[in-house]
Every structure is written in C-alpha cells, then in structure tokens.
Enquirer: 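I'd like to ask some things about the structure below.
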Amino acid sequence: MKYMVFKDAKAASRKAYEIMQKKINAHSTLGLATGSTPIELYKEMIAGFEAGEFSYKDVKSFNLDEYVNIDKNHPESYYSFMHKNLFDHIDIKEENVHVPAPYTDDDEELARITAAYNAELENAVIDVQILGIGSNGHIAFNEPGTDFASTVHIVNLKENTIKDNCRFFDYDMAKVPKRAMTMGIKNILAAKTIILLAFGENKKDAVAKLLSGKEDIEYPCTSLVEHPEVYVLVDEAADPEK
Ligand code: PGA
C-alpha cells in the first residue's frame, strides 16, 4: 500500500488523476465512486478531457453503489450524481456506463438486479477503482461486519452512515434511503489498481485502521491491506499522524 499525504483535497486529487492516467488506456474500465470525496478528481478528469489529453469514448465504467428504491432522476440518486459531476462533461458513452439500478422495493426484483450486476462485474476487469471511505471505515456501502468475500448485495445502512448522508437530504434523516445496493468487498478487491481518497478530520480514525495493516471485519477498509496495488491519498486533516 502506498500512503501519501497532501496539503488539501485538490492536491491529492491531482495526484490521483496522474496515477489513474498512468494505469489506463483508451479501452480501460474504471470503477467509480460517489460522495463528496471524488468530486475534485472528477474535475481533473473533465479538465483533462477538455484539454484533449484523454478521451473516454471507448472507456467503460462501473459504479460502486446506489440507494434502493430512490427515483433514478432524484437529484441525490447516484445515477444523477455521476451524470452531473462527470458523465455529462466527458465523452463516455451512456451504454458504457453502469450504475447499479435498484429502483424498486420488491425483494425478488432486487435479488434479480443484484445478481445481474454481479454477473456484469464478473465479466469485466476494472483497471482502476476509485474509493472513498466512510467515517466508520466502510468502503462503498460495505458496512462494518461485512464479509470480505461478499459480492454485490443489498445492505441496511448503519445509523452513522444515514447521519453522514443526511446533509444531502435537507439534513432530515427520515428522507435518507435506508437500504442500498453495493458492490461487495470481493468485487472491489478484484480491481487491478485501487485509489482510495480520504479528506477531512472525520476520516482520521478509519485511515488509522487502514494503516495499521491488520484485517478487521469491523473496518471494511482493512480488507485492502492484502491487495497488491493500493494507493491511499489523504489530506492533512485525515492524516492520523498529525
Ligand atoms: P464522502 O463519503 O465522500 O461523502 O465523505 C465517502 C464514503 O462514505 O465512502
């Protein structure tokens, strides 16, 4: 694992973009994340595209997760997030982007959608996976206690995750969806290269666990310690040594 500390999120995201660019080519597959964390990286990708440095026209992408039973076009759906913050500004083709689509509350239908997304992932090779980290150490929506061998599944979100995310839903916990569909830890670990970004004081404890180098099922981020190519890029506020 390579650990790097930067002055701020912008500097870390510039480095993340540089690493990503070294690892991908015109036909690569990206694993993408939502949340506040990757926004600066997506700005770097857009700037690089606008400057003519890189075209995404033959690139494929797979997103980590999505809320269950949210309206696809809700402003806080991850489908909307990805289009607003990245896809609408680069030349990636709509048919090449994959965002989990659990837009139903019917459990049988959810099981079918989950299995289909897992099958798509098993047929793909993710060259670079972008990850944020939850204040509780979750990666994607793999909450504490998730089996490291898990594949795509439906999760009940933990209360602190709902609290962390209520800022996107008028600070009203009642409005935050309570379930999500997520890539499992096994799907994430299948990526060739993983770039994890962590910004802000509230990520410090989770980063400390990751840096401990010991697997701990209560901190899903520690599943990354045995992966052969992980970059952990943090800002000063998230650096546990500070
Ligand atoms: P954030 O979320 O980027 O909004 O902080 C990260 C995460 O929960 O994985």
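For ligands, and for the atoms within them, numbers begin at 1 and follow the listed sequence.
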Enquirer: Quick one: which ligand 1 atoms are inside 4.0 Å of a heavy atom on His138?
Expert: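 Here the atoms of ligand 1 in question are 7 (C), 8 (O), 9 (O).
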
Enquirer: Under 4.0 Å from a heavy atom of Gly132: give me the atoms of ligand 1 that qualify, with their elements.
Expert: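 Taking each heavy atom of Gly132 in turn, ligand 1 has 9 (O) under 4.0 Å.
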
Enquirer: Could you find the nearest protein heavy atom to atom 3 (O) of ligand 1 and give me its residue, atom name and distance?
Expert: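 Checking every protein heavy atom, the shortest distance to atom 3 (O) of ligand 1 gives Thr37 OG1, 2.4 Å.
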
Enquirer: Does any non-hydrogen side-chain atom of Val128 lie less than 4.5 Å from one of Lys192?
Expert: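 Lys192 does not reach Val128 side chain to side chain.
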
Enquirer: For Tyr56 together with Phe54, are the ring centres under 6.0 Å from each other?
Expert: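 Ring centroids of Phe54 and Tyr56 are less than 6.0 Å from each other.
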
Enquirer: At less than 4.0 angstrom from any non-hydrogen atom of Gly35, what atoms of ligand 1 do you find?
Expert: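 Listed by number with element: 3 (O), 4 (O).
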
Enquirer: Do side-chain atoms of Thr104 reach the backbone of Glu109 as a donor and acceptor pair under 3.5 angstrom?
Expert: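 Not a single qualifying donor-acceptor pair exists.
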
Enquirer: Quick one: nearest non-hydrogen protein atom to atom 6 (C) of ligand 1, plus distance?
Expert: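 Ranked first by proximity to atom 6 (C) of ligand 1 is Ile133 O, 3.5 Å.
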
Enquirer: Could you tell me whether Lys2 and Glu229 make a salt bridge, using a distance below 4.0 angstrom between a side-chain N and a carboxylate O?
Expert: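 A salt bridge is absent here (no side-chain N lies under 4.0 Å from a carboxylate O).
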
Enquirer: Could you tell me the residue and atom name of the protein heavy atom closest to atom 5 (O) of ligand 1, and the distance to it rounded to 0.1 Å?
Expert: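 Looking at atom 5 (O) of ligand 1, the protein heavy atom closest to it is Lys203 NZ, 2.7 Å.
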
Enquirer: Considering both backbone and side-chain atoms of Arg167, is one of its nitrogen or oxygen atoms within less than 3.5 Å of a nitrogen or oxygen in ligand 1?
Expert: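 Between Arg167 and ligand 1, an N or O pair is found under 3.5 Å apart.
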
Enquirer: Met173, Phe168: one ILVMFWY side-chain cluster at the under-4.5 Å cut-off?
Expert: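 Result: yes, single cluster for both.
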
Enquirer: Which label fits Phe141 and Tyr67: parallel for a plane angle under 30°, tilted from 30 to 60°, or perpendicular past 60°?
Expert: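 Phe141 vs Tyr67 ring planes: tilted.
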
